[in-house]
Amino acid sequence: GGLAKGFAAGEGLSIASGGKGIINVGGNIVAVGRDLKVGVQNPRGEGYVGTFTLSCGQSVSTSGDYERHYFYKGVNYHHIISPFSGYPTGIKDDSDLISVTVVSDKYTLCDAVATAVMVLGKNDGKALIERLGLCGVIIDKNLNITVVGNLDFQKK
């Protein structure tokens, strides 16, 4: 599940060639035939923390602990499981991330890296995004925003 939506979004783009608009596969978005202004959701509140331009043909994928989750005894149990601890990230490991957005024209990779960075944490995750030549927005549990790569991110 950590890359299927990215793959499907890329396949959708090949079908939609010549059109204009967006492809949205469960939150993985591809800009078709034009650039789009995209908002990064506030993982702990209403609205957006900022926006950026998604260029035509690029994909954006976000992984976070705030969509598919529940609280039990004050602990946020979500769907991104750390292979190091066997628990959702941030519970019994060093990851302090709550949201990772990755931008690329490599749709499946974009989806996989967003999930991987949630597991790796801010420093190792940022290094991975940079090493792969991607762009991204990393948000930690204190709502600190780290922009990685050449992304025209505008904080709200």
From [X] atom [atom1] to [Y] atom [atom2], the distance as rounded to the nearest 0.5 Å:
X	Y	atom1	atom2	answer
Leu54	Ser59	CG	OG	7.0 Å
Ser55	Asp35	OG	CG	4.5 Å
Leu128	Asn123	CG	CG	12.5 Å
Thr101	Gln41	OG1	CD	9.5 Å
Leu120	Thr115	CG	OG1	11.0 Å
Cys56	Asp105	SG	CG	11.0 Å

Please name the pair of heavy atoms, one in [X] and one in [Y], separated by the smallest distance, quoted to 0.1 Å.
X	Y	value
Thr146	Lys126	CG2-CD, 4.1 Å
Gly64	His79	O-CE1, 3.4 Å
Ser99	Thr62	OG-CG2, 3.7 Å
Ser104	Cys110	N-SG, 4.0 Å
Phe153	Val147	CD2-CG2, 3.6 Å

Partners passing side chain to side chain donor-acceptor pair (under 3.5 Å) against [X] (at least two apart in sequence or in another chain):
X	value
Lys122	Asp140
Ser85	none
Asp152	Thr53

With hydrophobic residues grouped by side-chain heavy-atom distances under 4.5 Å, do [X] and [Y] end up in a single group?
X	Y	result
Leu134	Val100	yes
Ile129	Val119	yes
Tyr66	Leu143	no
Val148	Leu151	no
Tyr107	Ile22	no

Exercise for the section: Decide yes or no for Leu97 and Val117: does some side-chain heavy atom of the first lie under 4.5 Å from some side-chain heavy atom of the second? Expected result: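 Result yes, sub-4.5 Å side-chain heavy-atom pair found.
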Handout entry: Members besides Ile81 in its Ile/Leu/Val/Met/Phe/Trp/Tyr cluster (side-chain heavy atoms under 4.5 Å)
Key =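 Members besides Ile81: none; it forms no cluster.
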Handout entry: Ile29 and its side-chain contact (heavy atoms from CB on, under 4.5 Å) partner, picked from Ile23, Val103, Val60
Key =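 Of Ile23, Val103, Val60, side-chain contact (heavy atoms from CB on, under 4.5 Å) with Ile29 is met by Val60 alone.
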Handout entry: Pairing residues for Arg44 by the salt bridge (charged side-chain N to carboxylate O under 4.0 Å, His left out) criterion, not counting sequence neighbours
Key =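 If we apply the salt bridge (charged side-chain N to carboxylate O under 4.0 Å, His left out) test to Arg44, skipping adjacent residues, the hits are Asp65.
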Problem - With sequence neighbours excluded, residues passing salt bridge (charged side-chain N to carboxylate O under 4.0 Å, His left out) with Lys106 - result: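 Counting only residues at least two positions away or on another chain, Lys106 forms no salt bridge (charged side-chain N to carboxylate O under 4.0 Å, His left out).
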Handout entry: Residues Lys156, Val49; criterion side-chain contact (heavy atoms from CB on, under 4.5 Å); working and verdict
Key = CA-CA 5 Å; Lys156 186 173 179 186; Val49 296; 5.8 Å; no
Exercise for the section: Would you confirm whether Ser61, through its side chain, and Asn28, through its main-chain N or O, come within 3.5 Å as a donor-acceptor pair? Expected result: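 No, the answer is negative, given that no donor and acceptor are paired below the 3.5 Å cut-off.
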Practice task
Decide if atom NZ of Lys37 counts as having more than 12 heavy atoms of other residues, nucleotides or ligands within a radius under 6.0 Å.
Solution key: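 Count over threshold, so yes.
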Handout entry: Heavy atoms of other groups near Asn144 CG, more than 12 under 6.0 Å
Key =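 Enclosed.
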Exercise for the section: Tell me, with the steps shown, if Val40 and Ile139 meet side-chain contact (heavy atoms from CB on, under 4.5 Å). Expected result: CA-CA 10 Å; Val40 176; Ile139 304 174; 4.1 Å; yes
